[in-house]
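Below is one structure; the comments refer to it alone.
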Amino acid sequence: MFRGELVPCFEVPARVDHVLAELEKRRLGLVVVPEAFDGSVLLGVHSQRYLDFLASAWDEWVGLDVANAERDALPSVWPVRTLRSEVLPSNFAARMGLFSMDAGSPLTSGTWEAARAGADCALSAAVAVAGGERAAFALTRPPGHHAGADFFGGYCFLNNAALAAQQLRTQGFERVAILDLDYHHGNGTQAIFYERADVYFTSIHGDPQTEYPFYLGYADELGAGAGRDFNRNWPLPRGTGFDVWRATLQQALSDIAKFGAQALVVSLGMDTFVGDPIAGFTLQTQDYLQVGEDLAKAGLPTVFVFEGGYAVADVVFSNPGMSLKAEEVENF
Ligand code: Q9C
Ligand code: ZN
């Protein structure tokens with residue numbers, strides 16, 4: 001829903017198809033299908049009532065009217081401020097609004113299955129890193145970082161990066177850092193860990209004064225309770241280029257080192273790219289090589305989780321020099 005009309009979604013399957021095709025072509029590493037996790041692992045991050053809603057939402061929607069099978073479900077009413085959000089209404093539209101944050105993230109027939117598969121992908125990457133891999137990239141969609149413990153929005157339903165971080169905690173990493181590089185602030189991930197000292201969250205993003213998700217992501221959000229000083233935001237103005245962005249990245253990495261992180265989860269949104277249709281930074285293709293070098297220098301076991309990035313055909317790497325040679329692939 002955009003300006004009163006239903007418009008095509010930016011978050012489309014082709015995003016992942018392009019990246020996967022390029023990964024296979026350039027042989028950047030072993031490509032594996034994720035394992036399927038038991039649904040109970042999602043409770044490490046999300047509430048039971050939210051998961052129950054998501055799992056049954058499509059069938060409920062079609063149950064209201066068989067014609068709904070041909071149209072997406074969108075929220076139309078929300079429990080803002082003085083309205084009650086602890087009471088679970090039986091009305092479907094009321095529950096849809098209770099569990100959502102915007103009108104730009106429709107539910108469609110495969111949403112739950114796709115979100116589950118995306119979460120499986122992030123969890124599998126975390127398991128691989130916990131098992132000794134230096135890094136693993138979870139090629140997920142839908143993305144996850146806007147999804148909170150009990151709400152969807154910003155094209156996100158299950159918080160893949162939060163699930164990966166929680167999995168690393170469960171598998172013995174005492175201190176885990178999440179570095180969110182998507183153009184949009186990772187409000188869901190921040191909120192999930194806001195009162196925890198064991199997971200440090202830091203994000204570089206467009207200033208919420210002008211950029212989605214608007215209502216979170218300011219520099220004065222430092223964490224609360226036991227989590228005080230374990231949250232740090234780096235809002236930057238629309239139009240920010242690579243020099244300033246990279247200097248900010250280095251500050252964020254320095255804080256992650258001071259925190260004493262034993263593992264890193266990178267929310268890898270590629271909507272920082274200059275050609276992105278819904279974002280405002282101006283990073284260029286070759287800049288991402290330096291981002292990779294900076295992240296490598298952090299020297300931490302790392303789970304990369306795909307987030308946004310909507311310049312669909314350009315989001316893949318177009319530098320043939322990046323491909324590994326056959327013997328390097330063997331050693332990957
Ligand atoms: N006219 C992620 O990048 N607003 N989500 C779009 C388009 C929502 C982005 C407005 C942006 C959500 C994961
Ligand atoms: Zn984004």
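In each ligand, atom 1 is the first atom listed, and ligand 1 is the first ligand listed. Side chains are part of it too, since the values below use all heavy atoms of this structure and drop only hydrogens, waters and symmetry mates.
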* Residue His146 vicinity, atoms of ligand 1 by number, heavy atom under 4.0 Å -> 2 (C), 5 (N), 9 (C), 13 (C)
* Asked: the Zn ion (ligand 2) to Asp182: any N/O/S contact under 2.8 Å?
  -> yes
* Asked: Once rounded to 10°, what is the value of the angle centred on the Zn ion (ligand 2) between His184 ND1 and Asp271 OD2?
  -> 100°
* Asked: Is any NZ, NE, NH1 or NH2 atom of the basic residue among Glu113 and Arg116 found under 4.0 Å from an Asp or Glu carboxylate oxygen of the other?
  -> no
* **atom 5 (N) of ligand 1 [closest protein heavy-atom partner, distance rounded to 0.1 Å]** => Gly154 O, 3.0 Å
* Asked: Quick one: do Asp198 and Arg175 make a salt bridge, cutoff under 4.0 Å?
  -> no
* **Salt bridge flag under 4.0 Å for residues Glu11 and Arg15** => yes
* To do: Describe, in one word, how the ring planes of Phe10 and Tyr310 are oriented to each other, choosing from parallel (under 30°), tilted (30 to 60°) and perpendicular (over 60°).
  => perpendicular
* Structure fact -> Note: Glu11, heavy atoms under 4.0 Å from ligand 1, region reported as neither
* To do: Can you sort out which atoms of ligand 1 are near Asp271, meaning under 4.0 Å from one of its heavy atoms?
  => 3 (O)
* Asked: Considering only heavy atoms of Pro143, which atoms of ligand 1 have at least one such atom less than 4.0 Å away?
  -> 13 (C)
* Asked: Checking side-chain contact (heavy atoms from CB on, under 4.5 Å) against His145, which of Asp182, Ile178, Asn160, Leu268 comes through?
  -> Asp182
* Pull out every atom of ligand 1 sitting under 4.0 Å from any heavy atom of Phe2, numbered as shown with elements. => 1 (N)
* Asked: Only one of Phe151, Tyr212, Phe152 clears ring pair (Phe, Tyr, Trp, His ring centres under 6.0 Å) with His146; which?
  -> Tyr212
* **Lys/Arg N to Asp/Glu carboxylate O, Asp255 vs Arg232, below 4.0 Å** => yes
* Close approach, Tyr310 and ligand 1, non-hydrogen under 4.0 angstrom -> yes
* Heavy-atom closest pair, residues Asn159 and His46 -> N-NE2, 3.0 Å
* Side chain, backbone, both or neither: which part of Asp102 comes within less than 4.0 Å of ligand 1 when only heavy atoms are counted? -> neither
* Asked: Do Glu307 and ligand 1 have an N or O pair less than 3.5 Å apart?
  -> no
* Salt bridge flag under 4.0 Å for residues Asp52 and Arg49 -> no
* **Atoms in ligand 1 with a heavy atom of His145 nearer than 4.0 Å** => 13 (C)
* Heavy-atom nearest option to atom 6 (C) of ligand 1, drawn from Tyr212, Tyr155, Phe214 -> Tyr155
